[in-house]
Amino acid sequence: MSVLDDPGLFGRQWAATYDQPGNPDPAPAVEFLAGLAAGGPVLELAIGSGRVALPLAARGIAVEGIEASPEMVALLRAKPGGDVIPVVVGDMAEVGVPGPYPLVYLVFNTLFNLTGPGRQEHCLRNVVRVLTPGGAFVIETFVPDPADFDRDEQQVQVRAVTEDAVTIRLHQYDRAEQTFVRQTITFSNDGVQLQPFGMRYRWPEQIDELAAQAGLRLDARYAGWQREPFGPDSPSHISVYRKPTAGVGVGLVCSG
């Protein structure tokens with residue numbers, strides 16, 4: 001098994017700096033998700049340190065989570081209110097909870113962290129299993145831009161230089177497989193440290209196909225959490241999928 005298929009890899013490598021300044025403001029996402037919670041409980045896949053879950057729970061919505069990294073869960077538990085949110089430590093693709101939930105969400109491009117063949121499809125099927133009829137599955141991802149691939153492959157990114165160490169970052173893309181591997185490499189007097197990271201990226205219409213195969217229909221798509229219109233130049237998207245109620249078929253109809 002590739003090291004990139006280890007669900008806990010990201011948290012082990014990045015938990016120490018995950019909550020550093022500069023991360024996206026969760027408030028717009030919380031406002032958006034609260035409007036779909038339908039009284040809860042709601043489920044966050046890859047709940048991480050609770051950047052979205054905690055302010056959502058503070059609005060009186062029962063939030064549960066799945067997280068593969070004990071290190072990330074420890075960050076959550078150390079925050080006010082983090083000790084009362086139920087969290088299953090496990091692979092988010094397995095969705096190892098019984099449900100049902102009127103809302104499941106997966107934000108910050110994390111769907112793409114499922115790099116192994118069939119892993120994203122497996123995750124979507126399991127989301128359908130725990131959704132209530134008519135329930136919503138919300139994802140947030142970037143829209144791939146081939147120009148970014150060229151820029152990343154043609155440069156070595158210098159991340160940090162000190163008297164004791166230097167950190168650089170490199171990318172390698174497999175365009176046929178729609179994957180990339182990124183290595184963050186630190187050279188110091190103690191040796192060389194590698195921090196690998198990978199993604200299997202998809203264009204929005206490809207995610208729509210996976211969702212339809214799993215039994216979800218596209219309900220709305222936006223360019224941002226404030227429901228900005230999505231267009232051909234949008235760099236990211238917020239997509240809302242629904243589990244059909246009895247007697248309603250699956251289709252790729254967008255009402256947003």
Side-chain angles (χ1 to χ4, degrees), residues 2-15 17-20 22-26 28-30 32-33 36 42-56 63-73 75-76 85 87-97 101 103-128 130-131 136-144 178-182 195-204 206-208 210-211 214 216 221-222 224-225 235-241:
S2 167
V3 65
L4 299 179
D5 292 329
D6 178 355
L9 176 67
F10 182 88
R12 285 199 305 275
Q13 295 190 137
W14 302 104
T17 57
Y18 188 71
D19 283 330
Q20 63 189 8
N23 286 321
D25 179 5
V30 170
F32 184 101
L33 295 168
L36 297 174
V42 305
L43 177 68
E44 179 172 0
L45 302 181
I47 194 171
S49 66
R51 288 192 295 175
V52 173
L54 286 170
L56 191 59
V63 181
E64 301 177 17
I66 296 175
E67 173 57 53
S69 165
E71 295 85 354
M72 284 290 194
V73 176
L75 292 178
L76 169 65
I85 293 180
V87 178
V88 171
V89 178
D91 181 357
M92 71 175 181
E94 298 296 332
V95 192
V97 290
Y101 303 94
L103 171 65
V104 179
Y105 61 95
L106 178 59
V107 297
F108 300 136
N109 309 310
T110 311
L111 176 68
F112 296 163
N113 289 8
L114 298 171
T115 60
R119 295 265 290 148
Q120 294 176 9
E121 293 89 334
H122 186 62
C123 179
L124 290 172
R125 289 193 297 269
N126 281 318
V127 166
V128 172
V130 302
L131 276 175
F137 177 46
V138 177
I139 66 166
E140 174 196 20
T141 75
F142 63 83
V143 177
Q178 294 185 199
T179 61
F180 72 79
V181 176
R182 183 187 78 198
Q195 292 178 291
F197 174 74
M199 281 188 164
R200 181 178 295 273
Y201 53 89
R202 309 266 189 181
W203 276 266
Q206 293 178 315
I207 301 174
D208 294 345
L210 297 185
L216 294 165
R221 171 164 291 139
Y222 307 100
W225 291 112
S236 61
H237 65 103
I238 314 299
S239 295
V240 182
Y241 297 94

- Heavy atoms only: give me the nearest P7-A68 pair and the separation to one decimal. O-CB, 3.3 Å
- Message: Parallel, tilted or perpendicular, judged at 30° and 60°: which one describes the rings of Y201 and F180?
- Response: parallel
- residues 108-122 vs salt bridge (Lys or Arg N to Asp or Glu O under 4.0 Å), sequence neighbours excluded, gives D91-R119, E121-R202
- Task: Could you tell me whether the side chain of V42 reaches within less than 4.5 Å of the side chain of E64, counting heavy atoms only?
- Result: no
- Query: Any sub-3.5 Å donor-acceptor pair from N23's side-chain atoms to Y18's backbone N or O?
  - Reply: yes
- Worked check of side chain to side chain contact (heavy atoms under 4.5 Å, CB included) between L216 and L131: CA-CA 10 Å; L216 294 165; L131 276 175; 3.9 Å; yes
- Message: Determine whether a donor-acceptor pair (N or O, by modelled atom type, separation under 3.5 Å) exists between the side chain of E140 and the backbone of F108.
- Response: yes
- Query: Any chance the side chains of S239 and R221 put a donor and an acceptor closer than 3.5 Å?
  - Reply: yes
- Query: Do C123 and E94 touch side chain to side chain, with heavy atoms closer than 4.5 Å?
  - Reply: no
- Query: Tell me, do P204 and V143 make a side-chain contact under 4.5 Å, heavy atoms counted?
  - Reply: yes
- Decide yes or no for V87 and I47: does some side-chain heavy atom of the first lie under 4.5 Å from some side-chain heavy atom of the second? yes
- Closest heavy-atom contact between L114 and A93? CD2-CB, 4.1 Å
- Message: Quick check for you: to the nearest 0.5 Å, what is the distance between R51 atom CZ and M72 atom CE?
- Response: 8.0 Å
- Query: Under 4.5 Å between any side-chain heavy atoms of V95 and L43, yes or no?
  - Reply: yes
- Considering non-hydrogen atoms only, spot the tightest contact between P55 and G50 and give its length. CD-O, 3.7 Å
- Could you check if a side-chain atom of V127 sits within less than 4.5 angstrom of a side-chain atom of Y241, using non-hydrogen atoms only? no
- Which pair of non-hydrogen atoms, one from L106 and one from L45, has the smallest distance, and what is that distance? CD1-O, 3.5 Å
- Validation row: H237, I139 side chains within 4.5 angstrom (heavy atoms): yes
- With side chain to side chain contact (heavy atoms under 4.5 Å, CB included) as the test, would you mind laying out the steps for Q178 and Q206 before giving the verdict? CA-CA 11 Å; Q178 294 185 199; Q206 293 178 315; 2.9 Å; yes
- What is the distance from atom CZ of R200 to atom OG1 of T115, rounded to the nearest 0.5 Å? 7.0 Å
- Task: Determine, stepwise, if the pair V89 / E67 fulfils side chain to side chain contact (heavy atoms under 4.5 Å, CB included).
- Result: CA-CA 5 Å; V89 178; E67 173 57 53; 5.9 Å; no
- Partners passing ring-ring contact (aromatic ring centres under 6.0 Å, His included) against F112 (at least two apart in sequence or in another chain): F142
- Message: Within this structure, what is the CG-CG distance for the pair L111 and L124, rounded to the nearest 0.5 Å?
- Response: 6.0 Å
- Paired with E44, the side chain to side chain contact (heavy atoms under 4.5 Å, CB included) test is passed by just one of I85, I66, V104, V107, namely V107
- Where is the tightest heavy-atom contact between M199 and N113, given as atom of each residue plus distance? CE-OD1, 3.4 Å
- Item | Heavy-atom pair with the smallest gap, counting every atom of L33 and V52 | CD1-CG1, 3.8 Å
- Task: Just do the side-chain hydrogen bond (donor to acceptor under 3.5 Å, both in side chains) check on S49 and D19 with the steps written out, would you?
- Result: CA-CA 8 Å; S49 66; D19 283 330; 2.8 Å; yes
- Are any non-hydrogen side-chain atoms of I238 and W225 less than 4.5 angstrom apart? yes
